[in-house]
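To keep things clear, I will list the structure first and then write my remarks on it.
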Amino acid sequence: MTSEHLVFPGPQLKIVATVSAGYNHCNPDELRARGVKLSNTPEVLSSTVAEIAVSLMLGAARRFTENLQQVRSGEWEIGFDKVLGQDLRGSTVGFIGFGGIGQATARRLAGFEVAKLVYSGHREKPEAKSLGAEFVSQDELLRQSDFIVLAVPLTNETRHMINSETLATMKKNAILVNVGRGDLVDQEALYDALKSHQIYAAGLDVTTPEPLPKDHKLLTLPNIFILPHIGSATVRTRSDMAVLAANNVVSALTGKPLLTPVHL
Ligand SMILES: O=CC(=O)O
């Protein structure tokens, strides 16, 4: 949903409690101007989204799209060198954004024998040390990483942060994973980079638009693995998110501090 679709009911509106971590769809500027509170549901979803981030890394690296297609069509390639993928083992994984979701993903990679974890962002994160993740510039991250995981909010600063220029900086075997928002990526540029094998593959849980039309050209590519924005979609996590959002509403209506406020 874009902000043009929002309808403001009137001065009785006290709070918008979005059942999501991201709040780019909530028109924060307008809420601030109207003195309406905003809450989101961070942290309760981090591990569940992290599971999807790891799934996308594996799905793209091990070429699930092509392999599933072979199973469905009954045309399996038989042979020693068929549909070869890439390992997480020994790789460098770079996180653009190392908040709750990035860190939860790094924790889940502990058993995969990853060689190096790096992250970029506005500042170093104290939690990174215990995860063995090194703070680097975004440019360095793009140049070094075999896997690049986007886990940042969508803002004016991050919109299209992955574009023809940043894609050109990546390694030829790079695998781009996006669990943030579709608009972090210039999809035209991504299409070109995947089509020409400038990078190896991509795994996306988020696209622009959503749903992605079934004839969208990204879906013609064998080296992309796309999920329909299911990052936090488990029974347990959606339930935790709903309860947290409801408690934020109760807090707002009873004059208590919000549990997870978005500072507007
Ligand atoms: O995309 C989902 C969220 O922001 O929680």
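Both ligands and their constituent atoms are indexed starting at 1 by order of listing.
- Applying the salt bridge (charged side-chain N to carboxylate O under 4.0 Å, His left out) definition to pairs two or more places apart or across chains, none involves residues 75-85.
- Sorted by chain then number, the residues whose non-hydrogen atoms approach ligand 1 to under 4.0 Å are S20, A21, G22, L45, R181, H229.
- Side-chain contact, N40 with T18: no donor N or O sits under 3.5 Å from an acceptor N or O.
- A salt bridge does not link R143 to E140: none of the charged nitrogens lies less than 4.0 Å from a carboxylate oxygen.
- Ring geometry, F98 versus Y119: the interplanar angle falls under 30°, so the pair is classed parallel (tilted spans 30 to 60°).
- A salt bridge is defined here as a Lys NZ or Arg NE, NH1 or NH2 lying under 4.0 Å from an Asp or Glu carboxylate O, and K195 with D192 fails to meet this definition.
- To the nearest 0.5 Å, atom CD of residue Q138 and atom CD1 of residue I148 are 9.0 Å apart.
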